[in-house]
Amino acid sequence: MAQAKINEQMEKIVSLCKRRGFIFQSSEIYGGINGFWDYGPLGAELKRNVKDYWWRSMTQDRDDIVGLEATIIMHPKIWEASGHTSTFSDPMVDCLLTRKRFRVDQIEPQSGTIHHYSGAVNREDYEKLFQVEYEAEKGSANPSDWVTSAAAVASVTTYQKMENLLLIGDPNAWGDVTRSFKELEQNKRLRQVNMEFYSVLIPTGKHPEYARKFARQYFQQRGIDHPVLVGERMEEVKDSIRYNPDNGSLLTDPRPFNLMFKTYVGPVESAENIAYLRPETAQAIFAQFKNVLDVSRQKIPFGICQIGKAFRNEINPRNFTFRSREFEQMELEFFIRPNEVAEKFREAEGAEKSMQEAGSPKASWGWNEWHQYWVDSRLRWYESIGLNRDSLELYWQKPEELAHYARATVDILYKFPFGTQELEGIAARGDFDLSQHQKFSGKSMEVFDEEAKAKYVPHVIEPSAGVDRLILALICQAFQEEQVTDEKGKSETRVVMKFHPRIAPIKVGVFPLLKNRPELVSKAREVQALLRPHMSVFYDESGAIGRRYRRQDEAGTPFGVTVDFDTLGETPDLTDTVTLRDRDSMQQIRVKIGDLIPLLIEKVR
């Protein structure tokens, strides 16, 4: 029941995303392409607002972070240095029946009864052979190697009875079934034989015919027109990941699958011209570290951030836009002193401790303090765009889960309708990345720290967030269905997207009370023109005012401005005032047109 509600919730969200123009499937008119998504008018505005706010928070509101915008295709040696060409792969398996592909670490363990099969033979061929063998052996004193008696042979008048003999007949009477069928196939006495081993896992207690149905499909796909199954054997198993969770079919053995998209640079497709679409934005920051350091007049500790596209050939894209093959990242590489260098400042800071603001960064901070600083900072940022702490979780990776170079990694998780999943990872990466690029490029990545009087390769703290995952989280968080009463006293369901005003795609809707009154329309257009230089505004004059409010509720517009007859002076005290409606409370107040800009700017920024 809980799963049904989750699916229903996601179906409503996906439907709204298409209906209101947040997200469309890429290439939809051609049937779509799995793992790729397009953002419609509202989605594009929402995404841009989130990226702009992140960029402003990182670069414009701080003195110690600068930006970078690097190319998607870079020198292939960058990916050798980072380890992506050799280790950036997932273990992959395929369903032998449907050819659906899975990542091994995402298969849910299953328990039940495995039905093993030695192979299959075509029914029509076998029936013919069966009759020939019976006629030849009918008068013989020696029993046939194939059956226990003429009566048993004579009783095999149907496909099901014949298959039952093959499946569960006495092995001593049937002999070596596999070897016999192979020999008959080689002697051209059977045209269609497949003696591959295959198995199906079904819940304990379920009828064997369920497994046999899938086994017959498997052998039909391999050239047996009407398969008769051979040599069924059953085995109980617990927590197996060797079978397809959807149908119980056996999976292939795991094999590595590199996630990078390969391409060629130049007119010739040769090994020398191989390049890759970047699977992450971080490596460009490491490769350009010294250039940025030289021109930005920064010193350690400082950061370089980037927003950009990345590409991963995911085995199994799923959960709407959560796991896609093309996506955007917002990444910061914050470079810090190694612990042994930072410790030199501890004694000096002891005397100044009382003069420093509690919790503010200090020269003596090592990786542990900086890591915690960025965990706390990123949590506050998510809260500032409407993801409250109740919707988020922190997961500290266990030692055995950490990447080989990482000292610590914290994942910020969001409680999606389909499960709690990662939004951002904050990793203490040591000096691995810069050291690798120093080794592979032959160029020094060391810095001389004037304050510490030391030369070293900086260490790094990396907060790395997925833009598309965050957009999906914001949409899920904003989606609300409320029971409200309209002006006629009728109860109805209001669908409202409660985006935080600072990231809402449209900040304010402007409505003339009636579209057939030119004076109202003219005044509403004036208000629109007044607000437009300062925020995104949507003008709507079509339909009843209540219906227009509902449309903007679905778009997530936090405020609505209505121009009515009081605005024009019908009530002299209210001349040049408008009705300002709040999306969440649906409360309305009168506001002077001249006060709209400062009032709304304060609310949306």
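Basis for what follows: all heavy atoms, side chains included, without hydrogens, waters or symmetry-related copies. Every value quoted in this text rests on a predicted model; they were computed, and no experiment measured them.
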- Does the pair E450/K299 count as a salt bridge with the N-to-O cut at 4.0 Å? no
Salt-bridge test for D433 and R429: reply yes if a basic N is under 4.0 Å from a carboxylate O, no otherwise. yes
(request) Indicate whether the side chain of Q106 and that of R318 have a donor and an acceptor atom separated by less than 3.5 Å. (result) yes
| query | Is the distance between the ring centroids of W37 and F327 less than 6.0 Å? | reply | no
Under a plain distance cut-off of 3.5 Å, with no hydrogens placed, do S384 and Y53 share a side-chain donor-acceptor pair? yes
- Task: For K455, look at atom NZ and say whether over 12 heavy atoms of other residues, nucleotides or ligands are found less than 6.0 Å away.
- Result: no
Does atom CD of Q60 have more than 12 heavy-atom neighbours from other groups under 6.0 Å away?
yes
**OP:** May I have the step-by-step check of side chain to side chain donor-acceptor pair (under 3.5 Å) for D411 and Q397, ending in yes or no?
**Re:** CA-CA 8 Å; D411 295 331; Q397 290 189 14; 3.3 Å; yes
Notebook entry, point to check: Is a side-chain donor-acceptor pair under 3.5 Å present for E424 with Y382?
Noted result: yes
Can D94 and R255 be counted as an ion pair, charged N to O under 4.0 angstrom? yes
What orientation do H84 and W79 show, parallel under 30°, tilted 30 to 60°, or perpendicular over 60°? perpendicular
With sequence neighbours left out, the residues meeting salt bridge (charged side-chain N to carboxylate O under 4.0 Å, His left out) with E331 are none
Ring centre gap for H371 and W365 strictly below 6.0 Å = no
Of all heavy-atom pairs linking Q329 and S464, the shortest is NE2-OG, 3.9 Å
request  = Report the C-alpha distance between Y243 and S199 in whole Å, list the side-chain angles of each, state the deciding distance to 0.1 Å, and finish with yes or no for side chain to side chain contact (heavy atoms under 4.5 Å, CB included).
outcome  = CA-CA 9 Å; Y243 294 86; S199 57; 2.9 Å; yes
Salt bridge present between K18 and E28 (N-O < 4.0 angstrom) = yes
(message) Quick test of your reading of the model: are R469 and E328 salt-bridged, counting only N-O distances below 4.0 Å?
(response) no
| task | Before accepting this row, confirm whether a basic side-chain N of the pair D390/K415 lies closer than 4.0 Å to the acidic partner's carboxylate O. | result | no
**Message:** For the aromatic rings, using the six-membered ring if either is Trp, is the centroid distance between H404 and F432 under 6.0 Å?
**Reply:** yes
Within the supplied structure, the quantity of interest is the number of heavy atoms (other residues, nucleotides, ligands) at a distance under 6.0 Å from R48 CZ; does it exceed 12? no
### Query
Any salt bridge between D253 and R242, counting N to O under 4.0 Å?
yes
Shortest non-hydrogen pair, I385 vs H500, comes out as O-CB, 3.5 Å
Anything under 30° is parallel, anything over 60° is perpendicular, the rest tilted; go ahead and classify W370 against Y373. perpendicular
Determine the interplanar angle of the H115 and Y117 rings, folded into 0 to 90°, and report it as parallel if under 30°, tilted if 30 to 60°, perpendicular if over 60°.
parallel
Q: Would you verify whether the NZ or CZ of R216 falls within 45 degrees of the ring axis of Y218 while also being under 6.0 Å from that six-membered ring's centre?
A: no
Determine the interplanar angle of the F302 and F335 rings, folded into 0 to 90°, and report it as parallel if under 30°, tilted if 30 to 60°, perpendicular if over 60°. tilted
Minimal heavy-atom distance between Q436 and A81, with the atoms involved, is NE2-O, 2.8 Å
TODO: Would you check if the distance from the ring center of F320 to the ring center of F322 is below 6.0 Å?
DONE: no
Taking atom CD as the centre, does E236 end up with more than 12 heavy-atom neighbours from other residues, nucleotides or ligands that are less than 6.0 angstrom away?
yes
field: 4.5 Å side-chain heavy-atom contact, L332 and I304
entry: no
Check your understanding: Do L387 and L470 have side chains that get closer than 4.5 Å, going by heavy atoms?
Key -> yes
Shortest non-hydrogen pair, S296 vs V292, comes out as OG-O, 2.7 Å
### Query
Can you tell me if CG on D239 sees more than 12 non-hydrogen neighbours from other groups inside 6.0 Å?
yes
